[in-house]
Novice: 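Okay, handing you the structure first.
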Amino acid sequence: YVPFEDLAKVLSHVKIDYVFTAFINALPKEDLENYLVKLKETFQHQKVFITGWQIQLNNPTLPRSVKVIQDYKDFKKYLC
């Protein structure tokens, strides 16, 4: 994980419209869901996109406005 304090620092230096992250390494579903909640709390005003095997495997409950990207068609759907 990237520490959330470091992620929050980015917001003070750069205007961010979108956050994209991939969950590849194994982690329990509950940890994944907690991370997603905290990620959305940190980036309240940004669109958050996620992908990765752990998303497919765990099918986590997603915070509002967090979108799963499975392929390029999803990018087109959400960004166009």
Novice: Starting at CG of Leu36, measure out to CD1 of Ile50 and round the result to the nearest 0.5 Å.
Specialist: 4.5 Å
Novice: Hey, quick one: are Val66 and Leu32 part of the same hydrophobic cluster, counting side-chain heavy atoms closer than 4.5 Å, chains of contacts allowed?
Specialist: yes
Novice: Does one hydrophobic cluster hold both Leu62 and Ile55, with members joined at side-chain heavy-atom distances below 4.5 Å?
Specialist: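 Yes; tracing contacts between hydrophobic side chains, which count when under 4.5 Å, links both residues.
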Novice: Among all residues two or more places apart in sequence or in another chain, which pass the side-chain hydrogen bond (donor to acceptor under 3.5 Å, both in side chains) test with Ser65?
Specialist: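 Ser65 satisfies side-chain hydrogen bond (donor to acceptor under 3.5 Å, both in side chains) with Lys40 only.
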Novice: My understanding is that a hydrophobic cluster links ILVMFWY residues whose side chain heavy atoms are under 4.5 Å apart, including indirect links. Using that, what else belongs to the cluster containing Ile24?
Specialist: none
Novice: I'd like to check the side chain to side chain contact (heavy atoms under 4.5 Å, CB included) partners of Thr61; sequence neighbours left out, ordered by chain and number.
Specialist: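 So Thr61 forms a side chain to side chain contact (heavy atoms under 4.5 Å, CB included) with Glu33.
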Novice: Quick one: side chain to side chain donor-acceptor pair (under 3.5 Å) pairs with a partner in residues 46-56, sequence neighbours left out?
Specialist: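 Residue pairs passing side chain to side chain donor-acceptor pair (under 3.5 Å), neighbours aside: Gln54-Asn58.
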Novice: Kindly list each side-chain donor-acceptor pair under 3.5 angstrom involving residues 68-80, sequence neighbours excluded, with atom names and distances?
Specialist:
from  : atom 1 : to    : atom 2 : distance (Å)
Asp71 : OD1    : Lys73 : N      : 3.0
Asp71 : OD1    : Asp74 : N      : 3.2
Asp74 : OD2    : Gln70 : N      : 2.6

Novice: Can you tell me how far CG of Leu57 sits from CG of Leu27, rounded to the nearest 0.5 angstrom?
Specialist: 9.5 Å
Novice: Only pairs under 3.5 Å count here: list side-chain donor-acceptor contacts from residues 5-20, not counting sequence neighbours, and write none if there are none.
Specialist:
from  : atom 1 : to    : atom 2 : distance (Å)
Ser12 : OG     : Lys9  : O      : 2.7
Lys15 : NZ     : Asp17 : OD1    : 2.7

